[in-house]
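FYI, side chains are in, hydrogens and waters are out, and symmetry mates aren't considered; it's all heavy atoms of this structure. Per chain, numbering begins at 1; letters A, B, ... match sequence-line order.
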Number of protein chains: 2
Amino acid sequence: MAINRKEEFTDTDQELSMLAKAMSHPARIAILRVLAIRRTCICGEIVDVLPLAQATVSQHLKELLTAGLIKGAIDGKKSCYCINWDTLQAFNTTFNTLFGDLETAGGNQNCC
Amino acid sequence: MAINRKEEFTDTDQELSMLAKAMSHPARIAILRVLAIRRTCICGEIVDVLPLAQATVSQHLKELLTAGLIKGAIDGKKSCYCINWDTLQAFNTTFNTLFGDLETAGGNQNCC
DNA sequence: ATTATATATCGTAAATATACGATATATAAT
DNA sequence: ATTATATATCGTATATTTACGATATATAAT
């Protein structure tokens, strides 16, 4: 059992769920937060800020990279990460498209 | 190993990651989509629409319920679900707060 | 009362995620 | 050349998720 059925859903829903999954751990949210606030490349200090071992942080960074939410570059001895604003904005747009404008659509009536 | 370190992050980041996690499977996105488009309670038809066994769909529904993204009510023989717009809007707001307005902040310069 | 139908829950197998120590790699400093 | 430092990768233990068949539960229909 536990065969993968994810591919049987639409491309859009797979894409959205992949991005959501990338943000489904507080450590990765925390990393995004640091990068977003500084708006520049961050090298190394990420490990100091998180309550996780270096290997674990590296693993989380890799997941954010794979999802396309951050970009990375090797800069001499250190590595350097920053937010991929394009992907992030795409996520935001797709999410907003999914549910429409909750306010104006007048669909706030709850039926249960 | 694999001790849970999630509680060592801020409440906000835990909350955001929980909601993201709830949306981290295309089946759950698909369910939200059906409920959001119809804007009324849906009973049963969800199972017909998804490529998953009834037990699996029920499990996904429970996860969306636990996350607070949907509400459910038992209506006779059937069960009835609808979107919890309050939670959904809260997620949207928190997400937007996290990254600010990407357009106007002028932070779109990429450094790597 | 019996039967049919809808949904939830239980049990469980397989897959994936989380976490970290140990180690590899690669540059910088001496 | 040697040493120190930063980061990535490997191996692995444990936890969680995904998926479904079987079964329980609860109402509706006959």
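- Rounded to whole Å, the distance from NE2 on A/H25 to C1' on D/dT17 is 14 Å.
- Closest of all the heavy-atom pairs between A/S17 and B/P26 is OG-CD, 3.2 Å.
- A straight line from NZ of B/K62 to P of D/dA19 spans 17 Å, rounded to a whole angstrom.
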### Task
Show your reasoning for whether side chain to side chain contact (heavy atoms under 4.5 Å, CB included) applies to B/L98 and A/I29.
CA-CA 9 Å; B/L98 173 57; A/I29 299 271; 4.2 Å; yes
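- Aromatic ring centres of A/F91 and B/F95 lie closer together than 6.0 Å.
- Around atom CD of B/E45, more than 12 heavy atoms belonging to other residues, nucleotides or ligands sit under 6.0 Å away.
- A/H60 and A/H25 have tilted rings, their planes meeting at an angle from 30° to 60° on a 0 to 90° scale.
- For B/H60, no side-chain nitrogen or oxygen approaches OP1 or OP2 of D/dT17 to under 4.0 Å.
- Taking side-chain N and O atoms only, A/K21 has a distance below 4.0 Å to OP1 or OP2 of C/dA17.
- Pairing of C/dT16, defined by two Watson-Crick or G-U wobble distances under 3.5 Å, is identified with D/dA15.
- More than 12 heavy atoms of other residues, nucleotides or ligands sit less than 6.0 Å from atom NZ of A/K6.
- Atoms CZ (A/F9) and P (D/dT18) sit 11 Å apart, rounded to a whole Å.
- Atom CG of B/L50 is separated from atom P of D/dC20 by 11 Å (rounded to the nearest Å).
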### Task
Please lay out, stage by stage, how A/Q59 and A/L52 fare under the test side chain to side chain contact (heavy atoms under 4.5 Å, CB included).
CA-CA 11 Å; A/Q59 197 172 271; A/L52 298 170; over 6 Å; no
So which protein N/O to nucleotides 5-8 of chain D N/O distances come out below 3.5 Å?
from  : atom 1 : to    : atom 2 : distance (Å)
D/dT7 : OP1    : A/G44 : N      : 3.1
D/dT7 : O3'    : A/S79 : OG     : 3.1
D/dA8 : OP1    : A/S79 : OG     : 3.4
D/dA8 : OP1    : A/Y81 : OH     : 2.4
D/dA8 : OP2    : A/S58 : OG     : 3.0
D/dA8 : N7     : A/Q54 : NE2    : 2.7
D/dA8 : N6     : A/Q54 : OE1    : 3.1

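- Of the side-chain N and O atoms in A/T56, none sit less than 4.0 angstrom from OP1 or OP2 of C/dT18.
- If you take CG of B/L52 and C1' of D/dT18, they are 9 Å apart, rounded to a whole angstrom.
- The base-pairing partner of D/dA28, taking Watson-Crick or G-U wobble contacts with both distances under 3.5 Å, is C/dT3.
- The nearest heavy atom of DNA chain D to B/K6 and to A/R5 marks one nucleotide each, and the one closer to the 5' end goes with B/K6.
- At whole-Å resolution of the value, CD1 in B/I31 and P in D/dA19 are 11 Å apart.
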Between the protein and nucleotides 11-14 of chain C, which nitrogen or oxygen pairs come in under 3.5 angstrom?
from   : atom 1 : to   : atom 2 : distance (Å)
C/dA14 : O4'    : A/M1 : O      : 3.4

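- With both pairing distances under 3.5 Å, D/dC20 is matched to C/dG11 as a Watson-Crick or G-U wobble pair.
- One atom, CD1 of B/I3, and another, P of D/dT16, lie 12 Å apart when rounded to the nearest Å.
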